[in-house]
**Student:** 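The structure under discussion is supplied below as structure tokens; questions concerning it will follow.
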Amino acid sequence: MQAINLIFPELLNQPSRVVITTHQKPDGDAMGSSLGLYHFLLNFGHTVQVISPTSWANFIGWMPGCESVLDYEKETAKSDALIVEADWIFCLDFNTLVRTKKMEQSLASSNARRVLIDHHQQPQVEMFAYGVSDTSKSSTAEMVYDFIISSGRTDLIEQNIASCLYAGVMTDTGSFRFPSTSADVHRMVAVLKEKGLQHSIIHEHLFDNFSESRLRFIGNTLLNRMQVFYEYNTALIAIPQSDLIKYEIKTGDTEGLVNYPLSIEGIKFAAIIIDRGEERKCSFRSKGDFDVNTFARNHFDGGGHFNAAGGQSRDTLENVVSKFIKTLPEYRSMLTSYSF
Ligand code: 5GP
Ligand code: MN
């Protein structure tokens, strides 16, 4: 993988066919960074198409440009044709092609030059011609901002780009609270504000846009589905599929639930396991020096970041829960010593 800046001479001067893609079930950063780059690249006469491997949550739909995004699972033939014809494929907020699910084969076999912009650990570097991978970055949105700055075309940042990039960085920093929120992040937001960013509206779109039934689902989850293991400073939420049906829970409605247990005093490690029918999806979050990326890789076929990772299993919910509980003693000393 060569340095990303090498693509500027051609990318900024020669109109071409560009596909931008991201990980399955895109979150605020995945979609925000993709659409931020989309609006930027449109300025250069390119034909640009964002393709998401799957559908996305309703709370993301307000992002400018989202209405033009293709859902690969719904428009496979059209998406495959664009991938085959593309000159460039930008891969944002993921670093192993398997995270694009059914799109993996098309991406792998395309002759386009694949360009990586990502902040997760252990990138599959051999799959990308150019790219930047930096785990110290708060978000892929911040990295798209850096990319725009390096291109020398900061003048092209306008309200659409600012909204998308702000949504991305805000999502991935837990509203600017995680340790990855550097001085550079705040400087970036200052520049976005000067470009016309309206941040309050974005917070409303992302956090005050849910159904009554979702709020009642959260109430039920915290009351009846959470177990706290004080001897390991750990809490676990396990959600049966019947809850998702009863409360009409849609894609994205469970986003952020895993963070609730971390607000209990002393809890350092939180996990959620959701029975999604075809698989059991896990999310892990930690505070301080407990590495959930390694935990997810070792036990739940996943990965992510040091303090936020995910995984999955094909086993039953009951078995995944009992496997989780059985692994805790192995991490006892790490979980009971607490430092930031
Ligand atoms: P979430 O728990 O919100 O789904 O994901 C937390 C972080 O871990 C995100 O950065 C996400 O991209 C990453 N992640 C989630 N699931 C997986 C997985 O199955 N494999 C890998 N490698 N990363 C994951
Ligand atoms: Mn991200």
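Counting starts at 1 for both ligands and their atoms, in listed order. Treat the numbers as computed from the prediction; the structure is a model and nothing was measured.
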**Student:** Under the side-chain contact (heavy atoms from CB on, under 4.5 Å) rule, what do Ile161 and Tyr145 come out as? Steps first, then yes or no, please.
**Tutor:** CA-CA 9 Å; Ile161 294 179; Tyr145 176 78; over 6 Å; no

**Student:** If you draw the axis of the six-membered ring of Phe300, does the NZ or CZ of Lys323 fall within 45° of it and under 6.0 Å from the ring centre?
**Tutor:**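 Satisfied, under 6.0 Å and within 45°.
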
**Student:** What angle, to the nearest 10°, do the atoms OD2 (Asp172) and OD2 (Asp29) form about the Mn ion (ligand 2)?
**Tutor:**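 The two atoms subtend 90° at the Mn ion (ligand 2).
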
**Student:** Is the distance between the Mn ion (ligand 2) and the nearest N/O/S atom of His119 smaller than 2.8 Å?
**Tutor:**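 It does: His119 brings an N, O or S atom closer than 2.8 Å to the Mn ion (ligand 2).
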
**Student:** Any side-chain to backbone donor/acceptor pair from Ser286 onto Phe290? Under 3.5 Å, distance only.
**Tutor:**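 Yes; at least one donor-acceptor contact below 3.5 Å.
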
**Student:** Regarding Lys137 and Asp118, does a basic nitrogen lie under 4.0 Å from an acidic carboxylate oxygen?
**Tutor:**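 Between Asp118 and Lys137 there is no salt bridge, as every charged N stays at least 4.0 Å from the carboxylate O atoms.
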
**Student:** Can you get from Val115 to Val18 by hopping between Ile, Leu, Val, Met, Phe, Trp and Tyr side chains that sit under 4.5 Å apart?
**Tutor:**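 Yes, same cluster.
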
**Student:** Which atoms from ligand 1 have a heavy atom of Gln312 less than 4.0 Å away?
**Tutor:**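 So the answer, numbered in order with elements, is 19 (O).
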
**Student:** Among Arg297, Arg285, Glu255, which one has a heavy atom closest to atom 6 (C) of ligand 1?
**Tutor:**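 Nearest heavy atom to atom 6 (C) of ligand 1 lies in Arg285.
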
**Student:** Do the charged groups of Glu158 and Lys195 touch, with an N to O distance under 4.0 Å?
**Tutor:**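 Not counted as a salt bridge, because no side-chain N and carboxylate O are separated by less than 4.0 Å.
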
**Student:** Of the listed options (His119, His120, Gln24), which comes nearest to atom 9 (C) of ligand 1 when hydrogens are ignored and any heavy atom counts?
**Tutor:**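 Checking each option, the heavy atom nearest atom 9 (C) of ligand 1 is found in His120.
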
**Student:** Looking at ligand 1, does Arg99 have a heavy atom less than 4.0 Å from it?
**Tutor:**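 Arg99: in contact with ligand 1 (<4.0 Å).
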
**Student:** Would one find an N, O or S atom of Asp118, in either backbone or side chain, under 2.8 Å from the Mn ion (ligand 2)?
**Tutor:**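 For Asp118, the answer is no, given that no N, O or S atom comes within less than 2.8 Å of the Mn ion (ligand 2).
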
**Student:** Does Arg214 qualify as a cation-pi partner of Phe217, given the criterion of NZ or CZ under 6.0 Å from the six-membered ring centre and within 45 degrees of its axis?
**Tutor:**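 Negative - Arg214 is either too far from the ring of Phe217 or too far off its axis.
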
**Student:** Does Lys281 come within less than 4.0 Å of ligand 1, judged by its heavy atoms?
**Tutor:**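 Yes; Lys281 lies near enough to ligand 1 that a heavy-atom distance drops under 4.0 Å.
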
**Student:** Please could you name the atoms of ligand 1 that Ala309 approaches to less than 4.0 Å, counting only its heavy atoms?
**Tutor:**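 Listed by number with element, the hits are 2 (O), 6 (C), 7 (C), 8 (O).
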
**Student:** Check Asp93 with Arg99, please: is the shortest side-chain N to carboxylate O separation under 4.0 Å?
**Tutor:**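 No, no charged N to carboxylate O under 4.0 Å.
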
**Student:** Of Ala296, Ala308, Ser283, Gly310, which has the heavy atom at the shortest distance from atom 1 (P) of ligand 1?
**Tutor:**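 Considering heavy atoms of Ala296, Ala308, Ser283, Gly310, the nearest to atom 1 (P) of ligand 1 sits in Ser283.
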
**Student:** Any N/O/S atom, side chain or main chain, of Asp27 closer to the Mn ion (ligand 2) than 2.8 Å?
**Tutor:**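 No, since none of the N, O or S atoms of Asp27 sits under 2.8 Å from the Mn ion (ligand 2).
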
**Student:** Considering only N, O or S atoms, which atom of Asp93 is nearest to the Mn ion (ligand 2)?
**Tutor:**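 Going by distance to the Mn ion (ligand 2), the closest N, O or S atom in Asp93 is OD1.
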
**Student:** His305 versus ligand 1: do any nitrogen or oxygen atoms come within less than 3.5 Å of each other?
**Tutor:**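 Yes, since at least one N or O of His305 sits under 3.5 Å from an N or O of ligand 1.
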
**Student:** Between the candidates Pro26, Gly311, Gly303, which shows the shortest non-hydrogen contact distance to atom 13 (C) of ligand 1?
**Tutor:**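 Shortest heavy-atom distance from atom 13 (C) of ligand 1: Gly303.
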
**Student:** Starting from the C-alpha separation in whole Å, work towards a yes-or-no answer on side chain to side chain donor-acceptor pair (under 3.5 Å) for Ser138 and Glu142.
**Tutor:** CA-CA 7 Å; Ser138 65; Glu142 182 190 356; 2.6 Å; yes

